[in-house]
Amino acid sequence: MLQTTYIRENSALILERYKKRSFDGEAIINQILKLDDDRKSTQQKLDNQLAEGNKLAKEIGQLFKEGKQEEANQIKEQTKALKESGALLKDEQNKIAEELKALLYQLPNVPNEIVPTGKSEDDNETIFEEGEIPVLNEGALPHWELAKKYDLIDFELGVKVTGAGFPIYKGKGARLQRALISFFLDQAGEDGYEEVIPPLMVNEASAYGTGQLPDKEGQMYYMPADDLYMIPTAEVPITNIYRDVILKENDFPIKNTGYTPCFRREAGSYGSDVRGLNRLHQFDKVEIVQIEHPNKSYATLDVMVEHVKGLLNKLELPYRVLKLCGGDLSFASALTFDLEVYSTAQEKWLEVSSVSNFETFQANRLKCRYKDENGKTQLVHTLNGSALALPRIMAALLENNQTAEGIKIPKALVPYTGFDTID
RNA sequence: GGAGAUGUGGCAGAGUGGUCGAAUGCGGCAGUCUUGAAAACUGUUGUACCGCAGGGUACCGGGGGUUCGAAUCCCUCCAUCUCCGCCA
């Protein structure tokens, strides 16, 4: 959520930058500025009335004390009118505040200067590529076939127990999954991220804090009996640790990592996109989160991308880094880099990580602030990235490393799996 | 899940429905003293919004209500503690 003062002072810049997203915010912004004026003036009126009421109440108290009942009762009469008009103003004020909030929720974050203009993923810029795309033998299999052949993942069994999109990992498949989780967490630990194990369900306030609500509620599983949401990413519980917190300047940078399963309803997805591990309702992910000083957040974003690149290098997977264009940028992000691995048997790139700087967009909702050198409270910058999302990594590992003798495990993982070949 | 108790500023802890944004102590900050530090003493010390300013308004777990007036009374939700029940 953008701050109204920021909107007021930078509306021209914001509108210009919104073009990168093909988002026309002019009408909304104008309305916000108008409503904000209304808010101020009704607030002023309301404050005056309240001040008047407070004054009279004190007088009444004084008069009662002096035993002047008559006069006190006279003044009481005056307060009636004040009370009524005060209530009206209060209603009006609430209405304005609600409308204002609803409008603010409609404004996406302002893309960074370097975000390419574009409408869809076709306009993303590839800024880095690494690794050879392996040439597979005749008869190479996609990962869902490999999963069946080596009995690593049972999709049908998951359907029986829960439903589509909830696979059951078995044997070496389960072991490989656990190995990846440990490997990613250890790597993050080495890079100075403190590990946390957060709740897998969050309350409404947290879902608002990171921006899943109000507009993306259809993507989360909701437990009405307890009014809780299953987390779609560890970003939600981890970032919300810092909701309503005022940090000191030397607290920066705050670095957390956490492994969680993620739950996504993915309503409306179908076809080859959801084949095998490509898109699941429940999947594992290790997330990295940083809370950073506004001056340093972009340098930190680059460092986070480097961290994820390091993981992919160690897994010896061919990958590329994309700078997302405005149209593909998520609602809350100012700049996002996606990392994709190549799935050789499917012959396509799979997104395995998304690293974003949200600047103050989340912090404003979270009320996560710090005291600057002048003692003034300022919003922090929040960043996060997947490091990494497991299923597509698993898919690429299985497909790219398949040989006549079986599936080869990258060296870096062998200490975690305890085996170097799946056969 | 049942019964009871509690929820006040960074912490501890007062607070008969009116002069309470809130005593006091600790902590923090600034200063005096000191070669320096400690101690002592003095002052200061919550947040947000509106206003050029004087100043005003709101906030005592959250929300609602009673009242001319609520930290104080009522309702409700949440959290914590104690006891009981259940349980990995």
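Sequence lines set the chain letters: A, B, ... in the order given, protein chains first and strands last, and positions in each chain run from 1. This is a predicted model, so every value here is computed, not measured. Computed over heavy atoms, backbone and side chain alike; hydrogens, waters and symmetry mates excluded.
Closest approach to the A:Q44 side chain among B:rU57, B:rC50, B:rA48 is made by B:rC50 (side chain taken as heavy atoms from C-beta onward). Listed candidates were B:rU47, B:rG56, B:rG18. Nearest to the side chain of A:I60 is B:rG18. Distances were taken from every side-chain heavy atom of A:A57 (C-beta onward) to each of B:rC50, B:rU57, B:rC68; the shortest belongs to B:rC68. Nearest nucleotide to the side chain of A:L50, out of B:rC50, B:rC68, B:rA58: B:rA58. Residue A:R39 has its side chain nearest to B:rC50 when only B:rC50, B:rG56, B:rA58 are considered. Relative to the side chain of A:R369, the nucleotides B:rG18, B:rU57, B:rA48 differ in distance, and B:rA48 lies closest.
Rounded to a whole Å, the CG atom of A:N364 is 13 Å from the C1' atom of B:rA48. Atom CG of A:D36 is separated from atom C1' of B:rC49 by 11 Å (rounded to the nearest Å). A:E204 places its CD atom 13 Å from the C1' atom of B:rC77, with the value rounded to the nearest Å. B:rG10 atom P lies 13 Å from atom NZ of A:K248, rounded to whole Å.
A distance of about 13 Å separates the P atoms of B:rU44 and B:rG25, rounded to the whole Å. Taking the C1' atom of each, B:rU45 and B:rG63 are spaced 31 Å apart, rounded to whole Å. Using atom P as the reference point in both B:rC20 and B:rA70, the two lie 15 Å apart (nearest Å). A distance of about 45 Å separates the P atoms of B:rG43 and B:rC75, rounded to the whole Å. Of the P atoms belonging to B:rU47 and B:rC29, the separation is 16 Å, rounded to the nearest Å. Distance check on atom P: B:rU67 versus B:rG62 gives 23 Å, rounded to whole Å. One C1' atom belongs to B:rA71, the other to B:rG46, and the distance between them is 16 Å to the nearest Å. With C1' as the reference atom, B:rG65 and B:rU72 are 15 Å apart, rounded to whole Å.
As judged by a 4.0 angstrom heavy-atom cut-off over every strand, A:T377 is placed among residues touching the sugar-phosphate backbone only. As judged by a 4.0 angstrom heavy-atom cut-off over every strand, A:N54 is placed among residues touching the sugar-phosphate backbone only. Residue A:K371 is in sugar-phosphate contact alone, with no base atom involved, counting any heavy-atom pair closer than 4.0 Å across all strands shown.
Remark: B:rG51 base-pairs with no nucleotide; criterion is Watson-Crick or G-U wobble with both hydrogen-bond distances under 3.5 Å. Pair assignment for B:rA5: B:rU80, on the basis of Watson-Crick or G-U wobble contacts that are both within less than 3.5 Å. Pairing for B:rG43 goes to B:rC29, judged as Watson-Crick or G-U wobble with the two contacts each under 3.5 Å. Across the strands present, B:rC20 finds no partner; the criterion is a Watson-Crick or G-U wobble pair with both atom distances under 3.5 angstrom. Pair check for B:rC87 finds none; no Watson-Crick or G-U wobble contact set falls under 3.5 Å. Using Watson-Crick or G-U wobble geometry with both donor-acceptor distances under 3.5 Å, B:rU67 finds no partner in any strand shown. Pairing of B:rU34, defined by two Watson-Crick or G-U wobble distances under 3.5 Å, is not identified with any nucleotide.
At a threshold of 4.0 Å, the pair A:D37-A:R8 counts as salt-bridged, since one of the basic side-chain nitrogens sits closer than that to a carboxylate oxygen. Taking a cutoff of 4.0 Å between a charged side-chain nitrogen and a carboxylate oxygen, A:K119 and A:D123 do not qualify as a salt bridge.
Taking CE from A:M304 and CD from A:Q290, the interatomic distance works out to 5.0 Å, rounded to the nearest 0.5 Å.
Aromatic rings from A:F252 and A:Y370 are positioned such that their centres are separated by under 6.0 Å.
Across all their heavy atoms, A:K149 and A:L141 have their closest contact at CD-CD1, 4.0 Å. Scanning both residues, A:I238 and A:P198, for their nearest heavy atoms gives CG1-CG, 4.1 Å.
A:S354 and A:D338 share a side-chain donor-acceptor pair at under 3.5 Å.
In terms of position on RNA chain B, the residue among A:T79 and A:E52 whose nearest nucleotide sits closer to the 5' end is A:E52. Of the residues near RNA chain B, A:G61 and A:K55, the one whose nearest nucleotide (by heavy atom distance) lies more toward the 5' end is A:G61.
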